[in-house]
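Chain letters run A, B, ... following the sequence lines, proteins first, then strands; residues in each count from 1.
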Number of protein chains: 2
Amino acid sequence: MSEEKHVPRAEQRRLQMADIARLAGVSVSTVSRALNGSTLVNPETRQRVADLARSLNYSINLSAQNLRLQKNRTIAVVVPYDADSRQHISDPFFLSIVGAIADALTDRGYDMLLQRVDAEHLDQAAHAVDSGKAAGLLIIGQWRHHDQLNELAARKLPVVVWGAQLPQQLYCSVGGDNVLGGRLATEHMLSLGRRRIAFLGDAELPEVMHRREGYWQALRAAGLAPDPALELPAPFEVSMARQQMLDFFDAHRDINAVVACSDLLALQSLQVLRALGRRVPEEVAVMGYDDMPLAAYSDPPLSSVHQPVSKAGAELVEALLKMLEGERLAPIMLPVHLSLRASAPAR
Amino acid sequence: MSEEKHVPRAEQRRLQMADIARLAGVSVSTVSRALNGSTLVNPETRQRVADLARSLNYSINLSAQNLRLQKNRTIAVVVPYDADSRQHISDPFFLSIVGAIADALTDRGYDMLLQRVDAEHLDQAAHAVDSGKAAGLLIIGQWRHHDQLNELAARKLPVVVWGAQLPQQLYCSVGGDNVLGGRLATEHMLSLGRRRIAFLGDAELPEVMHRREGYWQALRAAGLAPDPALELPAPFEVSMARQQMLDFFDAHRDINAVVACSDLLALQSLQVLRALGRRVPEEVAVMGYDDMPLAAYSDPPLSSVHQPVSKAGAELVEALLKMLEGERLAPIMLPVHLSLRASAPAR
DNA sequence: TTGAAAGCGCTAACAT
DNA sequence: ATGTTAGCGCTTTCAA
């Protein structure tokens, strides 16, 4: 009765525009126009097509659309991992910033592709854009590869990086004010009368380097010389840090304050100090970094440098979308402040 | 000198196979075969093409490839949100399961699309598959819409849901053993000699319902009748729960144990109980659920029902990929166990 | 206001 | 071992 092409089986072939067109008794062009809200189509036709599409759960094939339009509304979010330790996404701060970005992208009508890449090869992140999967890149952290990020920017890839602002930086970054954070934390310890202040964090990472800079600034302003023996380059992955921290605090019994570069590190040091029989905050005051919600529940409740996570997500997204519009952007620095609790109480 | 088509401007047009072909002096088919590792191509040609592609940062256009191949290697991960409270991704448990899924998908060579949808319209998640953006769906939580999930499954969409196993379930689910978790938590409180055990959680959510079932089982096995007055249907978003919890614990001074349905709720109750001057665990023992790493640092350290997050991510992914191979799968239940700490110590 | 037809970049059947 | 060619499903010019 009909001359339809042979349909393979009962197995449901995926619906396409031609099907909607046939059922609506119009051409595919009209369906395309209707579904894209073109004014060139009769309102009642448009309605009929729209209803039909909805009732059949038809959605425009995005591979075809992207191919034809040569663009897409997907952003790749790249969370680097440490290839040596095969470390998985675990730092709650990174996870929460991913959540904030997801919300911001959803608000703007963009899809988010979440990718893991080896932190030693941040340049691999470019693949998502080169292959047309994503329109732009959001990279969480600079790690040790400022140079690779510069190469991405030199290739004119739309990329925004969460991290510190560095000299000779070709890419746009968004980050907290790390120097200020390190300084505020240290000044607070000084105001508590502490003079032997330890610094926990791997200063090979740009953000940590800036926090240490702030730590130094505060010490010097108080007439103290930074003592390298009080700096522990603890890795981000806390499980590896425990033994180091035990040895460190055991070897330096004069330490009476700790400025840590993540809440995880600070929480770990709380435990280690307790294991060594040192009382917090009476003998040793402890300050974390990031101010994760759960950290407020620690024993004792953790003081921390607050980073504006949800604002960070929004700024990263806004910066990248502006860049996609062709705008050139300067690095952005977000304010930080102290959240004081019992581990390093207000005076 | 050449008859190349007019190239619009100095502005870099995106590289494509034809460019590589021209530069390598072969046809596009050969490039396609070389890049896809076909054995039909001369090894040395293949090497030349591969080198050329890499040196020019060429990546196959995935929209075109997906269109042609009628498939893709992307999985959509759906994290529902509460539209009323405009609540964002914040529960650390969901975030950590997203991280675990990201790792598992990366291991399998799949991309992950992270999507937020209104928890009242889980069916909207289907769009990612209908539009060909993703091959399958991983939905985090059933919320109140078992029915909508069944509809997705009835449409033969490849979908796996994190959550409880329910009667008349058409979709594949992966989840912790919630009845066991509720029972273990409650039995432990009973073994501590507690008889007035509160249950915190909204039993309209399937997982919570099962945990309450386990809680009831343990009570009955001990010869106690469940007392509805001891059940507080606290919402997942803790900020809303605080006042409720204050009133609740104040109205029931006889409560000497708390079984909470998330670590967040448990941590919140720790604070509320302290505000009411009740000592934990001496007067009231508290048990959380999920056993998030940061919860171990609370004051006092939180006991919790441990859920195997990274295993959960791996199982969700494996189940979905099997389903994409055409396998039919039964729901999967993962073991849980208690992590005992000071808030509800071992006897 | 609508339809016909070309082509986005790729793969694979077919030809050589 | 390599090339030619026909679409994958869509948007958009062009023609009516």
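Rounding to whole angstrom units, CG of residue A/Asn61 and C1' of C/dC8 are separated by 13 Å. Between B/Ile20 atom CD1 and C/dC10 atom C1' the separation is 14 Å, expressed in whole Å. We find that CZ of A/Arg46 is positioned 14 Å from C1' of C/dT2, with the value rounded to whole Å. In this entry the distance linking CG of A/Leu40 with C1' of D/dC14 reads 13 Å, nearest Å. Atom pair B/Gln16:CD and C/dT11:C1' shows a separation of 15 Å (rounding to whole Å applied). In this structure, A/Gln65 places its CD atom 17 Å from P of C/dC8, rounding to the nearest Å. Remark: P of C/dT11 and CG of B/Asn72 are 14 Å apart, rounded to the nearest angstrom. Distance A/Arg73 CZ to D/dC10 P: 19 Å, rounded to the nearest Å.
In terms of position along DNA chain D, the nucleotide closest to B/Pro43 lies nearer the 5' end than the nucleotide closest to the other residue of the pair B/Ala64 and B/Pro43. Of the two residues contacting DNA chain D, namely B/Val28 and A/Val28, the nearest-nucleotide position lying further toward the 5' end is that of B/Val28.
Under 4.0 Å is where a charged nitrogen must lie from a carboxylate oxygen, and between B/Glu44 and B/Arg48 no such pair does. The pair A/Glu151-A/Arg155 does not meet the salt-bridge criterion, since no charged nitrogen lies less than 4.0 angstrom from a carboxylate oxygen.
Of all nucleotides listed (C/dG3, D/dT2, D/dA6), C/dG3 comes nearest to the side chain of A/Val26. Taking the side chain of B/Arg33 as heavy atoms from C-beta on, and the options D/dT11, C/dC14, C/dG9, the nearest nucleotide is C/dC14. Of the candidate nucleotides D/dT2, C/dC8, D/dC10, D/dC10 has the atom lying nearest to any side-chain atom of A/Ile60.
Note on B/Leu62: nothing from the nucleic acid sits closer than 4.0 angstrom, heavy atoms only. The residue B/Ser63 sits apart from the nucleic acid: no heavy atom pair falls under 4.0 Å. Within the 4.0 angstrom heavy-atom criterion, only backbone atoms of the sugar-phosphate kind lie near A/Thr30; the bases stay farther away. Within the nucleic acid shown, B/Leu67 comes within 4.0 Å of at least one base atom, counting heavy atoms only.
Between B/His146 and B/Tyr171, the ring-plane angle classifies as perpendicular under the 30° and 60° cut-offs.
For D/dT4, its base sits under 3.5 Å from the side chain of B/Ser29 at one donor and acceptor pair at least.
Between A/Asn36 and D/dT11, a side-chain N or O to OP1/OP2 separation shorter than 4.0 Å is present.
Between the side chains of A/Thr30 and A/Ser27, at least one donor N or O lies within less than 3.5 Å of an accepting N or O.
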- Message: Evaluate B/Gln65 against B/Asn61 for side-chain hydrogen bond (donor to acceptor under 3.5 Å, both in side chains), listing each step before the verdict.
- Response: CA-CA 6 Å; B/Gln65 189 180 54; B/Asn61 181 316; over 6 Å; no

